[in-house]
Every structure is written in C-alpha cells, then in structure tokens.
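Read through the structure below, which is laid out as structure tokens, and then see the notes.
Note that these values count all heavy atoms, side chains included, but never hydrogens, waters or copies made by symmetry.
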Amino acid sequence: MTRDKNKLNILMVTYRYFPYMGGLETHVREVGRRLAKSGVNITLVTTMPHTLSHPLPKEESDDGMRVIRVPAWPPERDYYFAPEIYSIVKHTKWDLIHCQGYHTFVPVIAMVAARQAQIPYVLSFHTGGDSSWHRKVLRGAQRKALRPLIARAERLIGPSKWEVEFFGKHLQLPSSKFAVIPNGSHHLPETIIPAKKTGHAPLILSIGRLERYKGHQRVISALPKLLEQVPDARLRIVGVGPYESTLQNLVQELGLSERVEIKAVPPGDEGGMAALIGRADLVTLLSEHEAQGIVVLEALAQKRPVLVAATSALREFVDLGLVRAVPLESKPEDVAAAMIAQLRDPLVPENVELPTWDDCTANLITLYENVVTRSQDAS
C-alpha cells in the first residue's frame, strides 16, 4: 500500500463488523467512514463471518474505509482466532493500530504484532454483558492475563466515565492512561422527526441484540400488568441473536402474541431505525451491562422518553436527569408501573446537548495525532 505522508495511516481491528450489528459494530462503522471522509487513510481488518448464506468479499470499500476480512477459527465458536491479522499488522507501515474490543483473540493478536513491530496502539474496550455465567466468572481472569498488553497501549478509550473508572480500578492503571470519548447519535432535522399523535395505540420498543443480558424478557414479563391499565399498548423487540426462541416462547406462554412483535431492522438501515424510534412512545433498555448505551442516545436525540435499568453506565443518564430507571431485579409489576409512568407522564428532556458521531470522530483524530506525534518524537 502506498502511503500519503500528509495523512494518518490507521489500522482498525475488530472481531466483527457489518452486516453484524451491535454497539461495537455500529461504533466502528460510524467512525470508520467519517475518518475516511476526514482524510485519514483508514483500513479495517475483521473476521469473515461463517453464518451468512452468501460469503462477503475478502476486501471492499465501505464509503472510503478499506475493509479486509480474514478467516477465524473455529468456525462454529466465537473465539475469533485469526492469525492472518498478525501479518497484516506487522508487515505494513501503519502509524497506529486501534483495537476495537478486548474480549476475543483478535485484539490479542493485533496487540502482540504491534508490540513486536514497534507500532503504537490504542484500545477501546467496548464492554458488553454476558449471557453465559461461566464467561462472567472468567472476565476477571481474562483482564488479569491481558493486563501486560493492555498496559502497553498508548491510550485506553471508554465511551463513559463509568467504563473508564471500572477498568482503571480493575487493571490498577493511572487515570492518565485513559480517555473518555462518548459514542454518538444521529441528530436528525426536526422536520423528519414524526410528531406524536393522539388517540393511537402506544408503541413500546426494546432495542438490542437478542441476548439474555439485554433484558428484553423483563419488558415482556411486565407487559401483562401494563396491559391492565394500557390495554391497547404494543411492544416491539428490535434485534437479532441467539435468545430469540426463548423470547418467542415467553411471548406464547404469556398469551401476548397479538401484542408483541420480535423483528429486527435490516442492517445498515439507519433511516428505518430512526423512523421506528420516532414513532415510539417509550424506548426501554433494561440491560444488565452497558458501556454507554447507543440506543439511549438515539432515543434522546429524537426526544423520546426512555426507561433503563439502573446499572453500569446507564446510571449516568439517570444522574443527568435524562431518563427514568428501575432496579435491575425489579418485579414485573414494578417494571410495568415504571413503564406506565413514562407513558402517562413522560420525562422528555429539552435542549440537551448530546454527542454526535462527528464529535466522536473528531476526538479520535485528535487522540491519534497526539499518540503518533509523541511516538515519532520518542523514536
């Protein structure tokens, strides 16, 4: 690859990318394309998914960002051991490596290769919850094992104060090592944000990957009590994932098939997701663990009331008075009462300045430039 000496030459590494969708995938896609438009030579290396019916190209351009996909093993598991990443990192002249996520083999391989090639690297944690009990137990051991590599990163990036403080404490690293760079939201023109209608059936959304820790089952379980007071309410679960059959069974057991729809928005359809959120009377995120909560930002950007579980980084939205919350282990009737309160007397903050993806990208560019300059001065 030829390098424009006036441009940053950045390699971003992530275990999974579009058409998979989640918080990490959304972040990488939003900032990656903006980095390209800002004049950064940005390359993304990720793994080739094995669950798609039609193979994706090994290399392509996504709105100016070069995307390289490599095989990962074993195909049927999510360990993402992808040794080809080592060669891509080590044998090309990169100014900086940005590892997105830390909980698979992908960032480990990238950090080892960067260290051996004496290329500076930064790490964004992108912590999420775990539906597997044994993985929750092993997270602490994993952080301890990876600490030497993590500590050698030039900067460690989190989207919230909560995540930065969490890793500072558990890794015993100084605050100067960390940077808080919030995720963004799409700020849409007011003219395309639908006005609320009177006399319509209230629509409740629960958005996120279909995993147990995301808490969709908490909203479903609360719906019978909510329907006693709001009999025409509808619930849509928005996402895909391995927990779908369990959620469908719960809907059937509670006799809610006429009131609950489980249906994703097609990957990359930002307009469709925005339109759906714009029609919602309430957006919920009753997740066990969030590093920030992109769904909350998107709902607030469209002035929609939000109900969250009072956990992890979601507490920051509560402390700022932007959303209402319920304790994570609330009974279904208590969740229903909180949802009804948000429907009847919604908390909709006015004149709130929310971070945008442009802000996020600009902050990353500043961080990249500082790291690269410091590295060049030291060499």
Exam field: side chain Gln342 to backbone Leu347, donor-acceptor pair closer than 3.5 Å = yes
Looking only at side chains, do Gln100 and His126 share a donor and an acceptor under 3.5 Å apart?
-> yes
What residues, two or more places apart in sequence or in another chain, satisfy salt bridge (Lys or Arg N to Asp or Glu O under 4.0 Å) together with Arg69?
-> Glu60
Counting only heavy atoms not in Lys225, do more than 12 fall under 6.0 Å of its NZ?
-> no
Heavy-atom pair of closest approach, residues Ala201 and Arg234 | O-NH2, 3.6 Å
Hey, is the main chain of Arg29 close enough, under 3.5 Å, to the side chain of Arg33 for a donor-acceptor pair?
-> yes
Report yes if the side chains of Glu350 and Lys303 come closer than 4.5 Å at any heavy-atom pair, otherwise no.
-> yes
Please report the closest heavy-atom contact between Gln302 and Gly278, naming both atoms and the distance.
-> OE1-CA, 3.4 Å
What one should report as the nearest heavy-atom pair of His27 and Cys360 is CE1-SG, 3.8 Å
Report yes or no: does Ser221 contribute a side-chain atom to a donor-acceptor pair with the main-chain N or O of Arg218 at less than 3.5 Å?
-> no
Tyr15 and ring pair (Phe, Tyr, Trp, His ring centres under 6.0 Å): which partner among Tyr20, Tyr102, Tyr80?
-> Tyr80
Test item: Pro83 and Trp73 side chains (from C-beta on) under 4.5 Å apart, heavy atoms | yes
Decide yes or no on side chain to side chain contact (heavy atoms under 4.5 Å, CB included) for Thr14 and Val106, but give the supporting numbers first.
-> CA-CA 7 Å; Thr14 182; Val106 165; 5.9 Å; no
Neighbour count above 12 (heavy atom, 6.0 Å) for Phe18 CZ | yes
Donor-acceptor pair, side chain of Lys177 and main chain of Ala153, under 3.5 angstrom = yes
Pair Glu25 + Arg209: basic N to acidic O under 4.0 Å | no
Donor-acceptor contact below 3.5 Å, side chain Arg259 vs main chain Pro231 | yes
Looking only at heavy atoms, what is the nearest atom pair of Arg324 and Ala341, with distance?
-> NH1-O, 3.8 Å
From Asn41 CG over to Leu11 CG, what is the distance, rounded to the nearest 0.5 angstrom?
-> 12.0 Å
Any ion pair linking Arg315 and Glu165 (charged N to carboxylate O, less than 4.0 Å)?
-> no
For Leu247 and Gln217, work out which heavy atoms get closest and say how close.
-> CD2-N, 3.8 Å
Decide, yes or no, whether a salt bridge links Lys214 with Glu290 under the criterion of side-chain N to carboxylate O below 4.0 Å.
-> yes
Pairwise side-chain contact, Val372 with Leu8, heavy-atom cut-off 4.5 Å (strictly under) | yes
Salt bridge Arg212-Glu288, side-chain N to carboxylate O under 4.0 Å | yes
For residues Leu297 and Phe317, determine if any side-chain heavy atom of one lies less than 4.5 Å from a side-chain heavy atom of the other.
-> yes
Going by distance alone, is a donor N or O of one side chain under 3.5 Å from an acceptor N or O of the other, for Glu163 and Thr127?
-> yes
Closest heavy-atom pair, Gly101 versus Leu123, reported as atoms and distance to 0.1 Å, is O-CD1, 3.5 Å
Aromatic ring centroids of Phe178 and Phe167 under 6.0 Å?
-> no
Residue that, paired with Leu226, satisfies side chain to side chain contact (heavy atoms under 4.5 Å, CB included) out of Ile204, Leu235, Val219, Val335 = Ile204
Mind telling me whether Trp162 and His289 have parallel, tilted or perpendicular rings, with 30° and 60° as the class edges?
-> perpendicular
Would you please say whether a donor-acceptor pair under 3.5 Å links the side chains of Thr356 and Asp359?
-> yes
Ser312 (side chain) donor-acceptor with Ala291 (main chain) under 3.5 angstrom | no
Hey, is the main chain of Pro182 close enough, under 3.5 Å, to the side chain of Ser160 for a donor-acceptor pair?
-> no
Is there a chain of hydrophobic side chains (I, L, V, M, F, W, Y, each step under 4.5 Å between heavy atoms) that links Ile340 to Leu205?
-> no
Before accepting this row, confirm whether a basic side-chain N of the pair Lys37/Asp63 lies closer than 4.0 Å to the acidic partner's carboxylate O.
-> yes
Would you say Leu223 and Leu254 make side-chain contact, with heavy atoms under 4.5 Å?
-> no
Answer whether the closest heavy-atom distance between the side chains of Ile85 and Val70 falls below 4.5 Å.
-> yes
